[in-house]
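Numbers here are sequence positions counted from 1.
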Amino acid sequence: MSMTDSSTKTQRDVTLDTDTVDTIAVLEAETVSAARPARAKLTWTQEDAGEWIANYGGYFGGSVDKRDGHYVASDTFGLVVGEFDSLEDAQGHLADQLHIMLPPVIRPVE
């Protein structure tokens, strides 16, 4: 007869890459109840020709840059979230992403 001592369990450190951490954050944010508040106020400022900066609820929300006829959206962490054919599509996609990624910033639209 053998006995197992539960106090001798070994713990292991796990290292996650940035993409995995981002995926976990998005999945966790999506599991919040369906009664989410309205989105934070989002405003855009054109900094230079071909560069738009997002202000999401008073915080830097990311940017959209025009490159080679396409619009590249980057989130608040500087990670590219997509390349789009129109400025409106890029800004809309980034707005959707920010609403998921930054739940503590979400508050009613003013």
Side-chain angles (χ1 to χ4, degrees):
M1 178 173 169
S2 67
M3 297 183 68
T4 305
D5 182 3
S6 62
S7 66
T8 61
K9 290 184 181 178
T10 303
Q11 291 185 346
R12 295 184 181 163
D13 290 334
V14 176
T15 303
L16 301 175
D17 60 89
T18 304
D19 289 337
T20 302
V21 172
D22 288 344
T23 301
I24 291 169
V26 168
L27 291 173
E28 190 174 75
E30 288 176 345
T31 61
V32 175
S33 72
R36 298 172 98 175
R39 294 178 183 211
K41 183 177 180 182
L42 175 63
T43 57
W44 291 94
T45 304
Q46 187 170 5
E47 289 294 311
D48 290 318
E51 180 184 18
W52 294 264
I53 303 298
N55 180 313
Y56 188 75
Y59 298 92
F60 172 71
S63 64
V64 173
D65 299 298
K66 187 172 184 180
R67 297 182 197 158
D68 300 324
H70 291 94
Y71 296 87
V72 179
S74 301
D75 67 16
T76 190
F77 305 109
L79 301 173
V80 173
V81 296
E83 187 174 312
F84 304 90
D85 291 328
S86 74
L87 175 61
E88 293 78 19
D89 287 346
Q91 289 176 332
H93 184 81
L94 182 57
D96 291 342
Q97 190 78 10
L98 290 171
H99 187 64
I100 293 170
M101 291 182 67
L102 301 175
V105 177
I106 297 171
R107 52 184 171 243
V109 175
E110 299 171 2

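At a threshold of 4.5 Å between side-chain heavy atoms, the hydrophobic network of Ile, Leu, Val, Met, Phe, Trp and Tyr places Val81 and Leu87 in one connected group.
In Asp85, the CG atom is not crowded: 12 or fewer heavy atoms of neighbouring residues, nucleotides or ligands sit closer than 6.0 Å.
In this structure, the side chains of Trp44 and Val64 come closer than 4.5 Å at one or more pairs of heavy atoms. Between Val72 and Val80, the closest side-chain pair of non-hydrogen atoms falls below 4.5 Å.
In this structure, Gln97 CD and Leu79 CG are separated by 9.5 Å, a value rounded to the nearest 0.5 Å. To the nearest 0.5 Å, atoms NE2 (His93) and CD (Glu83) are separated by 12.0 Å. Atom OG1 of Thr43 is separated from atom CG of Asn55 by 4.0 Å, given to the nearest 0.5 angstrom. A distance of 10.5 Å separates CD of Gln91 from OG of Ser63, quoted to the nearest 0.5 Å. The structure places CG of Asp65 at 10.5 Å from CD of Glu47, a figure rounded to the nearest 0.5 Å. Here the CH2 atom belonging to Trp52 is positioned 5.0 Å from the CD atom belonging to Gln46, to the nearest 0.5 angstrom.
Shown here are the salt bridge (Lys or Arg N to Asp or Glu O under 4.0 Å) partners of Asp96, two or more places apart in sequence or in another chain: Arg39. For the side-chain hydrogen bond (donor to acceptor under 3.5 Å, both in side chains) test, no residue two or more places apart in sequence or in another chain qualifies with Asp19. For the salt bridge (Lys or Arg N to Asp or Glu O under 4.0 Å) test, no residue two or more places apart in sequence or in another chain qualifies with Asp75.
When all heavy atoms of Ser86 and Tyr71 are compared, the closest pair comes out as C-CD1, 3.4 Å. Between Ala54 and Leu94, the shortest heavy-atom distance links the atoms CB-CD2, 4.4 Å. Ala73 approaches Ala90 most closely through the heavy-atom pair CB-O, 3.9 Å.
Checked against the 6.0 Å centroid threshold, Phe84 and His70 do not count as a close aromatic pair.
One N or O on the side chain of Thr76 and one on the backbone of Phe60 form a donor-acceptor pair closer than 3.5 Å.
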Practice problem: Would you please test Tyr56 and Lys41 for side-chain contact (heavy atoms from CB on, under 4.5 Å) and show each step? | Solution: CA-CA 6 Å; Tyr56 188 75; Lys41 183 177 180 182; over 6 Å; no
